[in-house]
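Each ligand, and each atom within it, is numbered from 1 in the order the structure gives.
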Amino acid sequence: MKKNVLSILDIHKEIQSIIDSGMQLKQQYAQNRLKPVLMDKTLAMIFERPSTRTRVSFEVGMGLLGGHSIFLTKNDIQLGSRESAEDIALVLSRYADIIMYRAVETQHLIELAMHATVPVINGLDSREHPCQILADFMTIKEHKKDFNNLHFVFIGDGDDNLTHSYLLGCPLVGMHITVISPKHYWPAKEYIEKARKLANQKQLSVKITDDLSALTSADIVATDTWISYWYEQTRQQRIADFASYRITPKIMQQAKPDALFMHCMPIYYSEEVEKSVAHGPKSIILDEAENRMWVQMALMKHLLLEP
Ligand code: CP
């Protein structure tokens with residue numbers, strides 16, 4: 001039975017083993033003993049939005065495992081106008097063994113996943129970014145050794161794909177989560193409710209606040225752009241609303257002394273974070289970017305070889 005990963009909840013049982021598998025693949029590569037376990041497998045990637053990390057990490061990762069990748073842009077495929085999501089799903093499934101899709105319309109992602117006979121991975125939509133948080137969690141595990149009782153604090157836009165995935169993912173791996181955001185930008189209710197339900201099962205906390213003093217308990221401080229693709233029209237309003245939530249060295253000092261800084265990139269240095277923080281001693285942003293590749297290799301391996 002094929003499995004899709006549109007939300008981090010789709011791998012709620014396997015999340016820890018996929019993270020561990022990503023760490024093992026990284027180690028195997030360093031020791032020159034990585035095996036081409038996906039030889040002759042093909043990944044079809046559809047990008048309706050720009051990408052650096054997602055495209056390159058999937059393509060290089062598939063190559064390291066012996067497979068290869070096809071890259072299709074919005075102009076090539078014209079999903080929803082030239083051809084239906086259903087027909088594209090059925091046709092691509094005859095050529096490729098796995099599909100990664102960065103969709104503009106979530107409905108197209110859902111339809112593609114429903115009709116494809118091969119696994120479909122969400123490469124970011126307006127609701128979630130599961131591959132990114134898998135990489136982020138692998139990076140946290142590398143630096144902090146385990147997740148137990150760590151406090152993950154996200155500062156910035158609460159009502160965004162990455163925050164939604166963090167809200168669901170932190171309780172899954174055993175971390176407390178606080179989202180610090182102006183009230184008008186708090187996460188969608190359904191994600192808060194789901195996160196609280198997951199957290200309650202493990203005596204973990206989920207806190208949503210506009211108060212920056214909640215930062216004092218942070219083991220990890222994360223942020224993201226204030227202006228995701230779909231919010232471009234409200235750019236100036238957002239810059240004004242988020243101005244006091246910009247991460248500066250002074251803000252970082254309020255977190256625990258050994259707190260780490262994370263950002264999924266791309267970074268807007270004049271907006272959500274100062275360059276001295278993003279490239280400072282507490283930052284692990286480049287490990288995060290690298291680990292996209294290792295953990296996505298583990299994810300593809302899981303979906304193709306251990307369904
Ligand atoms: N973090 C991330 O998804 O980067 P890209 O948009 O460059 O793929």
Side-chain angles (χ1 to χ4, degrees), residues 5-8 10-11 18-19 22 43-64 69-77 98-106 109 120-140 142 152 154-170 220-232 235 247 260-269 271-273 275 277-279 283-300:
V5 181
L6 307 194
S7 163
I8 197 68
D10 292 330
I11 42 169
I18 292 169
I19 291 165
L43 163 70
M45 301 189 290
I46 311 170
F47 282 95
E48 294 180 340
R49 297 189 190 279
S51 168
T52 301
R53 281 144 290 270
T54 306
R55 183 201 171 162
V56 179
S57 58
F58 265 107
E59 192 163 335
V60 176
M62 192 52 160
L64 286 175
S69 312
I70 299 166
F71 173 69
L72 298 152
T73 68
K74 192 177 175 173
N75 292 340
D76 301 315
I77 208 153
I98 188 163
I99 300 169
M100 194 286 306
Y101 183 20
R102 175 168 284 191
V104 168
E105 301 289 341
T106 294
L109 172 68
V120 173
I121 300 172
N122 178 2
L124 176 153
D125 72 338
S126 61
R127 292 166 63 84
E128 283 201 51
H129 197 355
C131 296
Q132 183 63 55
I133 71 150
L134 277 177
D136 293 359
F137 291 169
M138 173 175 156
T139 310
I140 292 168
E142 278 180 340
F152 184 96
F154 181 88
I155 304 178
D157 186 5
D159 191 16
D160 205 21
N161 53 3
L162 197 61
T163 328
H164 293 161
S165 291
Y166 283 138
L167 273 168
L168 302 177
C170 284
I220 296 113
V221 179
T223 191
D224 190 14
T225 177
W226 295 335
I227 304 139
S228 290
Y229 307 110
W230 38 88
Y231 293 132
E232 198 53 55
R235 166 173 284 275
I247 302 185
L260 299 170
F261 174 76
M262 304 189 85
H263 191 305
C264 71
M265 305 173 89
I267 299 173
Y268 301 91
Y269 295 109
E271 296 172 12
E272 69 270 12
V273 63
K275 192 166 182 185
V277 174
H279 289 269
S283 174
I284 51 172
I285 59 169
L286 295 178
D287 292 337
E288 253 184 290
E290 177 185 340
N291 288 338
R292 287 292 301 271
M293 184 173 77
W294 303 113
V295 87
Q296 288 162 188
M297 288 161 69
L299 178 62
M300 289 191 287

Handout entry: R292 neighbourhood, listing ligand 1 atoms whose heavy-atom distance to it stays under 4.0 Å
Key =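 Atoms satisfying the 4.0 Å criterion: 1 (N), 2 (C), 3 (O).
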Problem - Which of the ligand 1 atoms, numbered from 1, are nearer than 4.0 Å to a heavy atom of M265 - result: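 Listed by number with element: 1 (N), 2 (C), 4 (O).
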Does an N or O anywhere in [X] fall below 3.5 Å from an N or O of ligand 1?
X    : answer
C264 : yes
L124 : no
Q132 : yes

Exercise for the section: Without swapping roles, check the side chain of S228 against the backbone of W230 for a donor-acceptor pair under 3.5 Å. Expected result: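 No; judged by distance alone, with no hydrogens or angles, the pair does not exist.
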Handout entry: Side-chain (T139) to main-chain (A135) donor-acceptor, under 3.5 angstrom
Key =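 Flag set: sc T139 to bb A135 pair under 3.5 Å.
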Practice task
Note the single closest protein heavy atom to atom 7 (O) of ligand 1, along with its residue, its atom name and the distance in Å.
Solution key: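 Sorting protein heavy atoms by distance from atom 7 (O) of ligand 1 puts T52 N, 2.7 Å first.
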Practice task
Identify the protein heavy atom lying closest to atom 4 (O) of ligand 1, giving its residue, its atom name and the separation to 0.1 Å.
Solution key: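 Among all protein heavy atoms, the one nearest atom 4 (O) of ligand 1 is R53 NE, 2.9 Å.
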Exercise for the section: Answer yes or no: is there a side-chain heavy-atom contact under 4.5 Å between R102 and H129? Expected result: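 Contact flag for R102/H129 side chains = yes.
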Handout entry: D157 side chain reached by D224 side chain, heavy atoms, under 4.5 Å
Key =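 A side-chain contact under 4.5 Å is absent here.
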Practice task
State if H129 counts as touching ligand 1 under the rule of any non-hydrogen atom under 4.0 Å.
Solution key: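 True for this residue.
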Problem - R102 to ligand 1, any heavy atom closer than 4.0 Å - result: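 Yes, that is the case, since the closest heavy atom of the residue is under 4.0 Å from the ligand.
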Practice task
Output the distance between atom CD (E288) and atom CZ (F261), rounded to the nearest 0.5 Å.
Solution key: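 These two atoms lie 8.0 Å from each other.
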Problem - Interatomic distance, Y166 atom OH to I220 atom CD1 [nearest 0.5 angstrom] - result: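 With rounding to 0.5 Å, OH (Y166) is 9.5 Å from CD1 (I220).
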Problem - Qualifying residues under ring-ring contact (aromatic ring centres under 6.0 Å, His included), relative to Y229, sequence neighbours excluded - result: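 Testing Y229 for ring-ring contact (aromatic ring centres under 6.0 Å, His included), a comparison that skips the adjacent residues, returns none.
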